[in-house]
Amino acid sequence: MNNLQEYEIKVKMCEIGKRVYGRGMVAANDGNFSVKISDTEILCTPTGISKGFMTPEMICKVDLEGNILEATAPYSPSSEVKMHLRIYQLREDVKSVVHAHPMYATAFAICGKPLDKQIMPESTIFLGNVPVAGYGMPSTVEIPDAVEPFLDTHDAVLLANHGALAWGPDIEAAYHKMEGLEFYAQLLYLTESMGGAKELPQNEVDRLVELRRGMNLPGRHPKL
């Protein structure tokens, strides 16, 4: 990848940062995301910086073990990059990871409730369900350890008492997973307050899963 291509990815990361911040998916300096640009290089957001106000020179570069390859002072990589690296190490198809604290999804994570109701075709096709990974201390390997069991079957998880994590073949796709799971969480919250959703019957869920297979979508799916 040449310098211009790398710079364009940094610009895109800053754009995604504005979208995440603008939608209220993070507060203050919360959240982090990354892009894998080669077999050994990862671009990641800096620690202690609002994702809505990043500039390309703030973006850092690390290797698959988290060693700093490039960082412009005073910026340094997010301390939570460990969970990103675990996904890249175990899922070669993944090129981007997004972590945020979207309000409704995080509320479900705090309550220990997965997003597991089949209430609309889009959520069934693109997410299937979103499980809750066990609690882990931020910035430690406890979070990647908790997420790892879901990597073979899912492209998004809730992080108990923490937030949400989504991944995909590029940063736009990973962000869309995050946006989609938050919308799913909002719908579940609203339908529960209205007496409970009328879920899709299993035969219809099966048809939607079959439709997904025909769409040749990237990533993993629990297949319900």
Connected via hydrophobic side-chain network under 4.5 Å: Leu208 and Met215: yes
Note: Lys12-Glu172 ion pair, threshold 4.0 Å (strictly below): yes
Between Ser78 and Glu80: side-chain donor-acceptor atoms closer than 3.5 Å: no
Shortest non-hydrogen contact from Leu188 toward Thr191: O-OG1, 3.1 Å
Met178-Phe126 co-clustered via ILVMFWY side chain contacts under 4.5 Å: no
Pairwise side-chain contact, Asn67 with Val62, heavy-atom cut-off 4.5 Å (strictly under): no
Sole candidate of Leu165, Val81, Ile16 that passes side chain to side chain contact (heavy atoms under 4.5 Å, CB included) when paired with Phe33: Ile16
Distance-minimising heavy-atom pair for Asp170 and Lys95: N-CB, 4.4 Å
Atom of Leu127, atom of Ala156 and distance for their closest heavy-atom approach: CD2-CB, 4.2 Å
Whether Tyr75 side chain and Glu57 backbone form a donor-acceptor pair below 3.5 Å: no
Side-chain heavy atoms of Leu159 within contact of Val147, under 4.5 Å: yes
Leu200 versus Pro121, closest heavy-atom pair with distance: CD1-N, 4.2 Å
Phe150, CZ atom: more than 12 neighbouring heavy atoms under 6.0 Å: yes
Main-chain N/O of His162 paired to Tyr135 side chain as donor or acceptor, under 3.5 Å: no
Gln5 atom CD, neighbour heavy-atom count above 12 within 6.0 Å: yes
Inter-residue atom distance Asp116.CG - Ser123.OG, 0.5 Å rounding: 12.0 Å
Transitive ILVMFWY side-chain link Ile87 to Ile37, under 4.5 Å: no
Validation row: Pro56, Cys14 side chains within 4.5 angstrom (heavy atoms): yes
Lys/Arg-Asp/Glu bridge criterion (N-O < 4.0 Å) met for Glu41, Lys36: no
Under 3.5 Å: donor-acceptor pair, side chain of Arg220, backbone of Asp155: no
Polar side-chain atom of Gln118 near backbone of Pro201 as donor-acceptor pair, under 3.5 Å: no
Full working for side chain to side chain contact (heavy atoms under 4.5 Å, CB included) between Tyr88 and Ser34: CA-CA 10 Å; Tyr88 293 130; Ser34 63; 2.7 Å; yes
Heavy-atom neighbours of Asn3 CG exceed 12 at 6.0 Å: no
Side-chain heavy atoms of Gln186 within contact of Met103, under 4.5 Å: no
Close side-chain approach of Thr140 and Lys82, heavy atoms under 4.5 Å: no
Distance, nearest 0.5 Å, that separates CE of Met83 from CG of Asp145: 13.0 Å
Hphob cluster co-occupancy, Val26 + Ile171, side-chain heavy atoms under 4.5 angstrom: yes
Nearest non-hydrogen partners of Trp167 and Lys177, listed with the distance: O-CG, 4.0 Å
Point-to-point distance, once rounded to the nearest 0.5 Å, from CG of Leu211 to CD of Glu204: 10.0 Å
Glu6 versus Asn2, side-chain donor and acceptor atoms under 3.5 Å: no
Straight-line distance of Leu181 CG to Met25 CE, nearest 0.5 Å: 7.5 Å
Within one Ile-Leu-Val-Met-Phe-Trp-Tyr cluster: Leu69 and Val97, side-chain cutoff 4.5 Å: no
Validation row: Leu43, Met13 side chains within 4.5 angstrom (heavy atoms): yes
Sidechain N-carboxylate O distance under 4.0 Å for Arg91, Glu148: no
Test log, rule side chain to side chain contact (heavy atoms under 4.5 Å, CB included), inputs Tyr189 and Phe108: CA-CA 9 Å; Tyr189 176 83; Phe108 274 86; 4.2 Å; yes
Under 3.5 Å donor-acceptor, Lys61 side chain and Ile59 backbone: no
Within the 6.0 Å centroid threshold, strictly below: Tyr21 and Phe53: yes
Ion pair Glu15/Lys18, N-O distance below 4.0 Å: no
Criterion side chain to side chain contact (heavy atoms under 4.5 Å, CB included) on Ile125 and Leu217, from CA distance to verdict: CA-CA 9 Å; Ile125 290 171; Leu217 295 175; 4.0 Å; yes
is_close_aromatic(His84, His99), centroid dist under 6.0 Å: no
Distance (rounded to the nearest 0.5 Å) between Thr72 OG1 and Glu70 CD: 6.5 Å
Heavy-atom neighbours of Met1 CE exceed 12 at 6.0 Å: yes
Trace of the side chain to side chain contact (heavy atoms under 4.5 Å, CB included) decision for Ile42 with Leu64: CA-CA 7 Å; Ile42 311 295; Leu64 277 176; 4.0 Å; yes
Closest contact, heavy atoms only, Pro77 versus Cys44: CB-SG, 3.5 Å
Rounded distance (nearest 0.5 Å) linking atom CD1 of Ile143 with atom CE of Met137: 9.0 Å
Heavy-atom check, side chain of Leu115 versus side chain of Asn129, under 4.5 Å: no
